Amino acid sequence: KRVFNSSSALHSLIGTQVLFIFILCILRVNSCTEPRRPYRFASAQQGEVEAGTRRKMKRLLSFQRYCHASRLLRGLVPHTPGSLHLLDDDYLGQAAHMLSKVGKWNFDIFLFDRLTNGNSLVTLMCHLFNVYGLVHHFQLDMVKLHRFLGMVQEDYHSQNPYHNAVHAADVTQAMYCYLKEPKLAEQLSPLDVFLGLMAAATHDVDHPGVNQPFLIKTRHHLASLYQNTSVLESHHWRSTVGMLRESRLLSHLPADMQDMEQQLGSLILATDISRQNEFLSTFREHLDNQDLDLQLASHRHFILQIALKCADVCNPCRFWELSKQWSERVCEEFYRQGDLERKFDFEISPQCNQQADSVPAIQIGNNYRFISYIVEPLFEEWLRFTEPSPLSQNMMGHLYKNKARWSRLRYAHTPSDTQTHSHAEEPRGGGGEGGDIS
Ligand SMILES: *[C@@H]1O[C@H](CO)[C@@H](O)[C@H](O)[C@H]1NC(C)=O
């Protein structure tokens with residue numbers, strides 16, 4: 001009798017669990033069949049369609065245009081997971097699961113961004129700060145940290161197809177993978193890690209979605225402020241310093257704050273693609289002479305600069321599906337700049353003409369050139385530096401495969417169009433002209 005009772009109790013218990021799991025499944029299926037759109041992106045795009053007046057263009061180019069509205073609201077609108085819909089628990093569970101594999105090169109940042117409801121940058125940075133014990137080491141105030149990261153994420157323009165907070169999160173994830181390289185990991189101080197992650201997260205903050213030549217020819221005030229050199233990068237850095245000071249994140253640290261700001265600047269400014277050759281030849285020289293000494297803070301700083309440069313342009317080293325998405329996004333951003341240039345009678349920049357005869361050929365040509373003249377030379381040296389690590393070999397594998405794929409596409413798209421073909425063949429040098437996506 002006793003056995004019977006307990007087994008029926010067990011049955012009803014199992015029954016309840018099955019029912020519970022069944023309900024969970026329904027909820028899950030519902031949530032999966034309706035993948036949430038990145039809604040901020042969608043509504044911003046709609047706004048973009050209406051653009052067309054001079055006023056709108058001015059607005060587009062007025063940096064930190066959200067500043068007044070959003071800074072005021074920042075204290076009022078809760079951005080915490082608690083305010084999300086009930087079903088988001090499930091998303092956040094999946095996001096948490098993804099974080100357990102954040103050091104893997106095939107990490108899908110687009111998926112992670114959807115699962116975190118557009119908070120990939122904040123979520124990723126908080127996680128990595130905890131992984132490295134940086135909160136404890138620098139005695140950071142979690143509220144200030146959250147506030148600072150929230151400001152950074154929000155100051156990325158979500159309507160930029162490429163230079164948005166997801167790109168920043170992607171670069172941060174890549175940077176984390178590089179910081180973990182055996183050659184580097186043991187030598188890095190907490191300050192190195194802190195600066196490396198911070199620079200990655202902030203390196204494009206408040207990017208307007210147009211490039212430096214555009215700012216110079218439209219006589220944007222930032223171009224004159226920074227005297228036509230590293231205009232965007234300087235702005236990303238100074239914006240970051242502004243937010244650091246506003247959030248008072250580091251205000252409790254001793255007076256070497258200035259030095260931290262300078263180091264952050266030197267890392268962010270290294271992402272200026274027009275300084276590519278300068279960095280590449282110094283890196284090559286060090287490797288040829290085998291004189292890198294990672295005990296020296298200055299050498300570690302140089303390697304952090306290189307690592308950030310690699311992270312910034314690593315899209316072609318990701319597996320094809322991710323890599324292709326990034327290419328499409330950067331092209332879309334170029335086209336939007338081209339549309340602005342057309343509208344306001346400026347000469348259309350080489351990679352920005354959506355009305356050219358063969359858009360795929362141009363797009364492919366740009367990708368191919370960008371890989372051949374910017375990405376490949378840099379990663380070849382990085383491979384050498386890591387002596388070569390499994391990750392570096394993995395990245396080179398993707399790079400060569402993706403390059404071959406673009407190359408095949410190029411020939412498929414230009415069977416008779418010899419003009420476009422020879423144009424695409426022509427080297428553009430390592431400058432920022434060809435495929436400036438930093
Ligand atoms: C920046 O470029 C603009 C346009 O070419 C030029 O008029 C201006 O003098 C330049 N400013 C500096 C500081 O070089």
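Source: prediction; values computed, not measured. In listed order, ligands and their atoms are each counted from 1. Values reported hereafter were calculated over all heavy atoms of this structure, with side chains retained and with hydrogens, waters and symmetry mates removed.
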Check whether any side-chain heavy atom of V210 lies under 4.5 Å from a side-chain heavy atom of R336, and answer yes or no.
-> no
Using a heavy-atom cut-off of under 4.0 Å, does the side chain or the backbone of K217 touch ligand 1, or both, or neither?
-> neither
Evaluate the side-chain proximity of V152 to F148: yes if any heavy-atom separation is below 4.5 Å, no if none is.
-> yes
Close N or O approach (N228, ligand 1; < 3.5 Å) = yes
How close does the nearest protein non-hydrogen atom get to atom 5 (O) of ligand 1, and which residue and atom is it?
-> I216 CG2, 4.0 Å
By number and element, which atoms of ligand 1 are closer than 4.0 Å to a non-hydrogen atom of R219?
-> 7 (O)
Which is it for F385 and W382 under the ring-ring contact (aromatic ring centres under 6.0 Å, His included) test, yes or no, and what are the steps along the way?
-> CA-CA 5 Å; F385 169 70; W382 182 256; 5.2 Å; yes
Flag the pair F302 / H286 as yes when their ring centroid distance falls below 6.0 Å, and as no otherwise.
-> yes
Counting only heavy atoms on the protein side, is anything nearer than 4.0 Å to atom 9 (O) of ligand 1?
-> no
Strictly under 6.0 Å, is that where the ring centroids of H167 and H207 end up?
-> no
